[in-house]
Amino acid sequence: MCCAPAHFEKKGYSMAIDRVFVEDVGKFDGQVITLKGWLYNKRSSGKIWFLLLRDGTGVIQGVVSGNDVSPEVFDLYERLTQESSIIITGQVHGDKRAPGGYELWVKDVRIIQTADDFPITPKEHGTAFLMERRHLWIRSRRQNAILKIRHEIIKAIRDYFDSKKFTLVDAPIFTPAACEGTTTLFETDYFGEKAYLTQSGQLYMEAAAMAFGKVYCFGPTFRAEKSKTRRHLTEFWMVEPEVAYADLNDIMGLAEELIEFIVTRVLENRLELLKILERDLSKLETIKRPFPRIHYDEAAAILKGADTEFVYGSDFGGADETLISNNFDRPVMVYQYPADVKAFYMKNNPDDPSKALCVDVLAPEGYGEIIGGGQREDDLDTLKAKIQKQNLPEEAFDWYLDLRKYGSVPHGGFGLGIERTVGWICGLEHVRETIPFPRLMHRIYP
RNA sequence: UCCGGAGUAGCUCAAUUGGCAGAGCGGGUGGCUGUUAACUACUAGGCUGGGGGUUCAAGUCCCUCCUCCGGAGCCA
């Protein structure tokens, strides 16, 4: 309370927040403005030199001429190193030669701090080198664009569910036992007892759906699997809606509407960033409902004769998912996998008990599964039998079974992986660039 | 855990059959009034991941360990 800057108290707003940013310079054409940021790059041609200032919202070129500035300012060129923090004042000038349409005719430059040998130069670097310096890498234009698109995607997801009157219900991070029992969990000491980091908020969302009708949670998820692929992180973010009185068809409708909404929003609001990433926009513009819906058997038929080790009755591998999705120009919804390869809480198809009422959404262009979900088992005895069959500790699921004792209804939901969705929309090679500080099997630094 | 690949200058990479360790960028010193990863001249910079072995001679071949990358399984 003692430390609030004076201007907060006096005026009720912050000059630091409301100052001019690069993304807004177009509104000030011809005016003299001050920009605060960091030196992205510089070039000299002798009696005139150029600086690129970035401030997180964009990059603008400043033109420094010996005719317009004092000799002291002109000579700052020597001391300006990459990523030095600087405040520049100058006149906004529209110029076709400028990448952003505007440049600044510099009148004054103030160096706040001279950076010492910034390690990430404007030239090429390997991913290992860059990941080791992820805290600095996120300053680069490309990483900046990806993380802003991530923000837009997250905001779109929240806006979608909020507009549909879903209630946000946060699931716990510490959990007493496996939600699914199949995958490896991160174990932690909880006051002398074992606890685990959540691998899904879904079971809690089922409880919440019975309380609020339509709910979603959004948070981090942890998987201790030793997966080293372009699609895996040990810590990733997932949004998990759950709806009471919903069946598999309802869930598929929800999934395709959400995905269409997200892609449309990114195309509307973040086109410039997609261009920085050189994303093939035509691949996103086709993402319109309805999405193809194919039965597991149809997906299996696509793989027949293809070069794959897939055997009917098993789950699809990463290569199989690519083979399937390559047949479509939008996400494909594969439904009713064999019940044996799916989690215990999935409801079986009453007309074909060997299949689960589940759906996976496979993104186009080989980006793989971005959604997994379906209808949940709502019958108490069937659920108990499944828990026993998979050798899960029944006592750990007492509370979950209560949901089937007190007003059980058909219901369902899904989990959407944020990083895979970002990777797909941005057209990236690897999900590690879709999260600010990725956690991978061999990386927990920085 | 298994399969494959890589490790050489600060960074990205070359180096023929085992035969003098190289380039671009970055750094340093200069030149240039419209540059867009600016251009340009000169210059410094190396325990070739660690250890062991074969050989007259190893960046190169063999053994071993470490680290990283990609993939499989599993999953979002």
Side-chain angles (χ1 to χ4, degrees), chain A residues 40-52 59-68 74 77-78 81-82 93 95-100 103 105 116-133 140-142 179-185 198-202 220-240 255 308-309 314-322 337 341-343 360-363 367-373 414-424 429-432 434-435 440-443 445:
Chain A
Y40 199 70
N41 202 356
K42 65 175 180 178
R43 291 177 276 274
S44 171
S45 187
K47 295 292 187 296
I48 186 170
W49 57 270
F50 307 88
L51 61 82
L52 290 176
V59 178
I60 190 169
Q61 173 166 277
V63 184
V64 185
S65 164
N67 298 332
D68 298 339
F74 191 82
Y77 183 84
E78 301 301 326
T81 52
Q82 191 190 351
H93 197 86
D95 192 311
K96 286 178 192 158
R97 291 171 293 189
E103 58 183 26
W105 289 2
D116 189 22
D117 290 329
F118 190 72
I120 302 174
T121 65
K123 292 289 177 179
E124 64 211 69
H125 299 283
T127 45
F129 178 86
L130 292 166
M131 289 302 311
E132 199 67 22
R133 294 156 183 82
S140 74
R141 208 184 312 222
R142 192 180 156 80
C179 287
E180 305 188 13
T182 52
T183 48
T184 321
L185 297 166
T198 181
Q199 60 176 346
S200 168
Q202 184 211 311
T221 305
F222 307 89
R223 303 276 166 92
E225 284 144 6
K226 296 181 176 177
S227 300
K228 293 194 294 181
T229 81
R230 69 185 68 196
R231 301 183 305 280
H232 288 88
L233 299 166
T234 56
E235 177 182 313
F236 64 97
W237 288 67
M238 197 155 62
V239 60
E240 294 175 278
T308 168
E309 291 170 18
S314 66
D315 207 345
F316 303 118
D320 301 328
E321 291 178 350
T322 302
Y337 284 61
V341 303
K342 289 293 176 181
D360 280 5
V361 180
L362 308 181
Y367 280 94
E369 182 183 350
I370 54 172
I371 279 181
F414 60 79
L416 174 130
I418 299 301
E419 286 75 19
R420 286 188 185 175
T421 303
V422 176
W424 161 51
E429 286 293 310
H430 199 300
V431 291
R432 67 187 156 207
T434 65
I435 185 167
L440 298 147
M441 188 181 157
H442 287 297
R443 182 160 302 285
Y445 177 93

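The structure displayed is predicted, hence computed values, not measured ones. All values below come from the heavy atoms of this structure, side chains included, with hydrogens, waters and symmetry mates left out. Order of the sequence lines sets the chain letters (A, B, ...), proteins ahead of strands, with each chain counted from 1.
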Pair A:Arg223 + A:Glu235, salt bridge at N-O below 4.0 Å: no

Please report the distance separating the [atom1] of [N] from the corresponding atom of [M], rounded so that it comes out in whole Å.
| N | M | atom1 | value |
| --- | --- | --- | --- |
| B:C62 | B:G26 | P | 38 Å |
| B:U17 | B:U35 | C1' | 48 Å |
| B:A14 | B:G5 | P | 16 Å |
| B:U55 | B:C65 | P | 24 Å |
| B:U1 | B:U40 | P | 50 Å |
| B:G30 | B:A57 | P | 48 Å |
| B:U48 | B:A58 | P | 12 Å |

Is any side-chain heavy atom of A:Arg420 less than 4.5 Å from a side-chain heavy atom of A:His232?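 Yes. Closest side-chain heavy atoms under 4.5 Å.
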
Letter by letter from the 5' end, nucleotides 40-46 of chain B scores (B base, S sugar-phosphate only, - none; protein heavy atoms under 4.0 Å) -------

So, do A:Phe236 and A:Phe222 have ring centers that fall under 6.0 Å from each other?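 Ring centroids of A:Phe236 and A:Phe222 are no less than 6.0 Å from each other.
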
Does B:A72 have OP1 or OP2 under 4.0 Å away from a side-chain N or O of A:Arg230? no

Any side-chain N or O of A:Arg231 under 4.0 Å from OP1/OP2 of B:A72? yes

Contacts under 3.5 Å, N or O only, protein and nucleotides 9-15 of chain B:
{"residue": "B:C11", "atom": "O2'", "partner": "A:Glu124", "partner atom": "O", "Å": "2.9"}
{"residue": "B:C11", "atom": "O2'", "partner": "A:His125", "partner atom": "ND1", "Å": "2.7"}
{"residue": "B:U12", "atom": "OP1", "partner": "A:Gly126", "partner atom": "N", "Å": "3.0"}
{"residue": "B:U12", "atom": "O2'", "partner": "A:Glu124", "partner atom": "OE2", "Å": "2.5"}

Parallel, tilted or perpendicular, judged at 30° and 60°: which one describes the rings of A:Trp105 and A:His93? parallel

So what does A:His442 hit on the nucleic acid, given a heavy-atom distance under 4.0 Å: a base, only sugar-phosphate, or nothing? sugar-phosphate

Stems formed with participation of RNA chain B [Watson-Crick or G-U wobble, under 3.5 Å, three or more pairs]: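 Listed by first number, the stems are B:1-7 with B:66-72, B:10-13 with B:22-25, B:27-31 with B:39-43, B:49-53 with B:61-65.
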
Where the side chain of A:His430 is defined as all heavy atoms beyond and including C-beta, which of B:A76, B:G70, B:C69 is the nearest nucleotide? B:G70

Please pick, from B:A72, B:G34, B:A37, the nucleotide with the shortest atom-to-atom distance to any side-chain atom of A:Asn41. B:A37

Interatomic distance, A:Leu51 CG vs B:U35 C1' [rounded to whole Å]: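 Rounded to whole Å, this separation is 12 Å.
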
